[in-house]
Trainee: 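Encoded as structure tokens, here's the structure I'll be asking about.
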Amino acid sequence: SQQGEEDPQALSIQEGENATMNCSYKTSINNLQWYRQNSGRGLVHLILIRSNEREKHSGRLRVTLDTSKKSSSLLITASRAADTASYFCATDNAGNMLTFGGGTRLMVKP
Amino acid sequence: DAGVTQSPTHLIKTRGQHVTLRCSPISGHKSVSWYQQVLGQGPQFIFQYYEKEERGRGNFPDRFSARQFPNYSSELNVNALLLGDSALYLCASSLEVFGGNTIYFGEGSWLTVV
């Protein structure tokens with residue numbers, strides 16, 4: 001079963017625009033991790049945010065976590081065509097066993 | 001340093017056959033996990049191994065089994081293959097299983113069952 005649900009399922013934007021993806025989950029978590037997946041490839045780790053953290057940044061990426069609403073968001077600023085991929089959130093209740101959502105498919109048009 | 005490596009990258013099997021997928025974790029990582037990703041869906045957890053012991057198992061039938069070797073590499077075995085087993089099988093490694101470690105994934109093994 002899938003714990004996290006990403007929203008929207010698909011997103012199409014122009015290069016240079018910002019992209020925001022949201023993730024909701026159902027049970028309490030230890031941490032939440034965001035991944036990127038290019039078509040047919042493995043998962044690339046983007047950011048880990050712990051349950052006691054509210055916001056983290058990495059380059060053009062900004063992740064927020066609201067444990068009271070059981071939700072997280074991933075913001076990609078100044079998007080590039082190379083950001084075209086699927087993005088997944090994954091929750092870790094404890095012990096590093098991840099539960100993934102269905103992903104957001106991002107298309108960045110040049 | 002090399003990342004998580006998996007083999008083979010692609011394979012085709014016939015229904016009823018058996019398959020073995022292999023994974024080498026990042027050097028120094030003691031935990032290996034396996035995930036199945038069906039086309040168009042997010043990955044689903046199959047197994048987690050830590051220090052050669054099974055620590056977690058997802059909702060998969062007994063046809064799926066795995067093991068971890070003394071060098072921390074791992075194998076995933078699937079018996080009596082079904083068409084529905086066609087998927088990308090992802091291996092992941094982490095340093096430990098406590099304290100919320102970053103989990104790194106390999107490129108996966110594409111399995112097609114015909």
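Labels below follow one simple rule: chain letters A, B, ... track the order of the sequence lines, proteins then strands, and each chain is numbered from 1.
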Trainee: Let me know if Gln37(B) has heavy atoms under 4.5 Å from chain A in its side chain, its backbone, both or neither.
Mentor: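 When you check distances to chain A, only side chain atoms of Gln37(B) fall under 4.5 Å.
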
Trainee: Tell me whether Trp110(B) shares a hydrophobic cluster with Phe105(B), the cluster being built from Ile, Leu, Val, Met, Phe, Trp, Tyr side chains joined at under 4.5 Å.
Mentor: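 In one cluster with Trp110(B): Phe105(B), yes.
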
Trainee: Is there a path of hydrophobic side-chain contacts, each under 4.5 Å between heavy atoms of I, L, V, M, F, W or Y residues, that connects Ile49(A) with Tyr25(A)?
Mentor: yes

Trainee: Hey, can you tell me if Tyr104(B) and His45(A) have their rings parallel, tilted or perpendicular (30° and 60° cut-offs)?
Mentor: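 The rings of Tyr104(B) and His45(A) sit tilted, inter-plane angle from 30° to 60°.
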
Trainee: Taking atom CZ as the centre, does Arg15(B) end up with more than 12 heavy-atom neighbours from other residues, nucleotides or ligands that are less than 6.0 angstrom away?
Mentor: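 Check fails, neighbour count at 12 or below.
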
Trainee: Checking the side chain of Glu107(B) only, and the main-chain atoms of Arg41(A) only, is there a donor and an acceptor separated by less than 3.5 Å?
Mentor: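 A pair under 3.5 Å: no.
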
Trainee: Please tell me if the side chains of Tyr35(A) and Pro43(B) come closer than 4.5 Å, counting only heavy atoms from C-beta onward.
Mentor: no

Trainee: Do Leu11(A) and Leu46(A) belong together in a cluster built from hydrophobic side chains that touch within less than 4.5 Å?
Mentor: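 Cluster IDs for Leu11(A) and Leu46(A) match.
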
Trainee: Flag yes if more than 12 heavy atoms outside Arg80(A) fall under 6.0 Å of its CZ atom; otherwise flag no.
Mentor: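 No, because the 6.0 Å sphere around CZ of Arg80(A) holds 12 heavy atoms or fewer from other groups.
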
Trainee: Which atoms of Leu90(B) come close to chain A, meaning under 4.5 Å heavy atom to heavy atom: side chain ones, backbone ones, both, or neither?
Mentor: side chain

Trainee: Would you say CG of Leu39(B) has more than 12 non-hydrogen atoms from neighbouring residues, nucleotides or ligands within 6.0 angstrom?
Mentor: no

Trainee: For residues Arg55(B) and Met97(A), report the shortest heavy-atom separation together with the two atoms involved.
Mentor: O-CE, 3.8 Å

Trainee: Whether the side chain of Tyr35(B) engages the backbone of Leu98(A) through a donor-acceptor N/O pair (distance < 3.5 Å, no angle test) should be reported.
Mentor: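 Checking the backbone N and O of Leu98(A) against the side chain of Tyr35(B), a donor-acceptor pair under 3.5 Å is found.
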
Trainee: Do Asn96(A) and Tyr50(B) make a side-chain contact, defined as non-hydrogen atoms from C-beta onward lying under 4.5 Å apart?
Mentor: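 Heavy-atom side-chain distance check fails, nothing below 4.5 Å.
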
